[in-house]
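All of these numbers come straight from a predicted model, not from anything done at the bench. No hydrogens, no waters, no symmetry mates; every other heavy atom, side chains included, goes into these values.
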Amino acid sequence: MPVSNLPGDRQNADPGGTEIYTNYVLMQQLYKTDEKTFEEYITASSAYYQAQEARMKAENDAMLAQYRLEEIIGLKWEQVQHPEKED
């Protein structure tokens with residue numbers, strides 16, 4: 001299972017919602033110009049990093065499930081013949 005959002009990728013900047021990342025960046029900029037308090041900045045920062053952590057945990061859980069399934073069936077995921085999708 002390839003992971004499309006690797007750490008450092010630009011895609012990784014938005015871990016689970018454009019709104020969370022946008023709010024974080026906005027709060028960061030407003031805090032730098034003294035338009036928002038430190039508490040407001042920390043709240044936005046915390047939400048952003050919690051979303052990142054949740055995304056990484058979900059990716060990890062999916063990879064572990066795949067590896068466990070591969071162990072059970074004795075084949076790599078790429079070797080499994082998947083039924084064709086019906087239209």
Asks: Would you call the rings of Tyr49 and Tyr24 parallel, tilted or perpendicular if under 30° counts as parallel and over 60° as perpendicular?
Replies: perpendicular

Asks: Supply the atom-to-atom distance Ile72 CD1 to Tyr67 OH, rounded to the nearest 0.5 angstrom.
Replies: 15.0 Å

Asks: Report the residues that fulfil side chain to side chain contact (heavy atoms under 4.5 Å, CB included) with Gln29, sequence neighbours left out, ordered by chain and then residue number.
Replies: Val25

Asks: Assigning hydrophobic clusters by single linkage (Ile, Leu, Val, Met, Phe, Trp, Tyr; side-chain heavy-atom cutoff under 4.5 Å), is Tyr48 placed with Leu30?
Replies: no

Asks: Kindly work out whether a path of hydrophobic side-chain contacts (I/L/V/M/F/W/Y, heavy atoms less than 4.5 Å apart) joins Tyr41 to Leu26.
Replies: no

Asks: Tell me, please, which residues at least two apart from Asp34 pass salt bridge (charged side-chain N to carboxylate O under 4.0 Å, His left out).
Replies: none

Asks: Looking at residues at least two apart in the chain, or sitting in another chain, which of them share a side chain to side chain donor-acceptor pair (under 3.5 Å) with Glu40?
Replies: Thr37

Asks: So, the side chain of Ser46 versus the backbone of Ile42: is there a donor-acceptor pair under 3.5 Å, distance only?
Replies: no

Asks: What distance separates Met27 CE from Glu39 CD, expressed to the nearest 0.5 Å?
Replies: 12.0 Å

Asks: Hey, is the main chain of Thr18 close enough, under 3.5 Å, to the side chain of Thr22 for a donor-acceptor pair?
Replies: yes

Asks: Decide salt bridge (Lys or Arg N to Asp or Glu O under 4.0 Å) for Arg55 and Glu59; before the verdict, give the C-alpha distance in whole Å, the side-chain angles of both, and the deciding distance to 0.1 Å.
Replies: CA-CA 6 Å; Arg55 179 193 49 81; Glu59 287 177 357; 3.0 Å; yes

